[in-house]
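We name chains A, B, ... by the order of the sequence lines, and we start the count at 1 in each one.
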Amino acid sequence: MVTNITNFGRSGLSDWLIQRFSAVILALYTLFIVAYLLLNPGLDYATWSGLFAQTWMRIFSLLAFVSIAAHAWIGLWTVTTDYLKPTGIRLAVQSAIILAIFVFLVWGIQILWGA
Amino acid sequence: MSTLQVSVYRYNPETDSAPYMQEFQVDTKGRDLMVLDVLHLTKEQDSSMAYRRSCREGVCGSDGMNMNGKNGLACITPLSEVVKNNKLVLRPLPGLPVIRDLVVDMGIFYKQYERIQPYLQNDTPAPAIERLQSPEDRDKLDGLYECILCACCSTSCPSFWWNPDKFVGPAGLLQSYRFLADSRDEATSERLAELEDPFSVFRCRGIMNCVAVCPKGLNPTRAIGKIREMLLANAT
Ligand code: SF4
Ligand code: SF4
Ligand code: FES
């Protein structure tokens, strides 16, 4: 078995499953948002913020945010292990990616529950 | 005119500072020769050229090379299949260290093959005559056992180029599945445990270059999918 520590799951199988599961969630979320925008042509701020005030929409959005965080991490981790061969550079880039994903995730949660 | 323009990758690490392409004019006398025959003709012009070949009939797997950008066995690839604009470019299999000219170091390819333990494992005492297998179980090995380890597939796989030390590669994985699918083998769970990390199997991105080049018409991508299914069934 090939060992690796920077991949959180440490299992190719769970990475593979998460990648597929999160892709489905993201597809559903994208379809929903596109359909919502098409069905509400003259969308104003009140309706839009009303949508995000509902609990189910917040849960759905949080699920989408967590999915994109996991999906992005697994995908970018794979890219860095393919193309960045010097260990120092690879670790630095991986750290930057994880930090960015963390910041975006917390920021997203704050937007959802903040306003 | 039946003169073919052939350009061959040349590199002798003892004398050359860098690889270069050597140009040859080969008279094919209008015949649809195999690429290996053309190589023999160029070697008559310059005997210092090195390449591997043995059976010259697609059985030994020693003359895998890159012909006009596509991997294959030179001995069973007719010119009509690869030559465009009367030009033939021959290079060593991509991604492996070059020992000399078209001869590559297959060490890492064999290392990955060794890693999947390509032999039957069965600790049950053998019956008096032989371990029997039903015709249906035997059929499961078709399309797997025929591999001649020519490395055409693994050296055309980008995932193998980037991580040849960690990703088993299509050839090794096809053989891995050959033993996972064998009803007489008892090491299934040990074999699977060796494969579930993010590299060994899962670095396959389904690009299917391996399927496109296999001179034996085998389908490593399908075998990789089957291994994935087994891993999933084993872990859920
Ligand atoms: S699977 Fe096909 S291309 Fe790959 S090593 Fe075997 S025979 Fe060669
Ligand atoms: S299908 Fe997988 S093993 Fe085959 S060439 Fe593509 S990435 Fe490599
Ligand atoms: S020489 Fe044996 S496969 Fe081509």
Answer yes or no: does atom CG of B/Asn85 have more than 12 heavy-atom neighbours from other residues, nucleotides or ligands under 6.0 Å? no
Nearest 0.5 Å please: distance from the CH2 atom of B/Trp162 over to the CG atom of A/Leu84. 12.0 Å
NZ (B/Lys111) with more than 12 external heavy atoms under 6.0 Å: no
If you count heavy atoms of other groups shown closer than 6.0 angstrom to CZ of A/Phe32, is the number above 12? yes
Give a yes or no on whether A/Tyr36 atom OH has more than 12 heavy-atom contacts from other residues, nucleotides or ligands under 6.0 Å away. yes
Checking A/Leu13, A/Thr78, A/Asp15 against B/Phe202 for side chain to side chain contact (heavy atoms under 4.5 Å, CB included), the one that qualifies is A/Leu13
Please check if the number of heavy atoms outside B/Arg178 that lie under 6.0 Å from its CZ is greater than 12. yes
Considering residues, nucleotides and ligands other than A/Ile68, do more than 12 of their heavy atoms fall under 6.0 Å from its CD1? no
Sub-4.5 Å heavy-atom contacts with chain A: which residues of residues 149-156 of chain B show up? none
Less than 4.5 Å apart, any side-chain heavy atom of A/Trp16 and any of B/Leu232? yes
For chain A, which residues of residues 206-229 of chain B have heavy atoms nearer than 4.5 angstrom: B/Arg228
Please check if atom CD in A/Gln54 has more than 12 non-hydrogen atoms from other residues, nucleotides or ligands closer than 6.0 Å. yes
Residue from B/Val201, B/Leu231, B/Asn163 scoring the most non-hydrogen pairs under 4.5 Å with chain A is B/Asn163
Counting C-beta onward and ignoring hydrogens, is there a side-chain heavy-atom pair between B/Lys166 and A/Thr81 closer than 4.5 Å? no
Are more than 12 heavy atoms from other residues, nucleotides or ligands located less than 6.0 Å from atom OH of B/Tyr20? yes
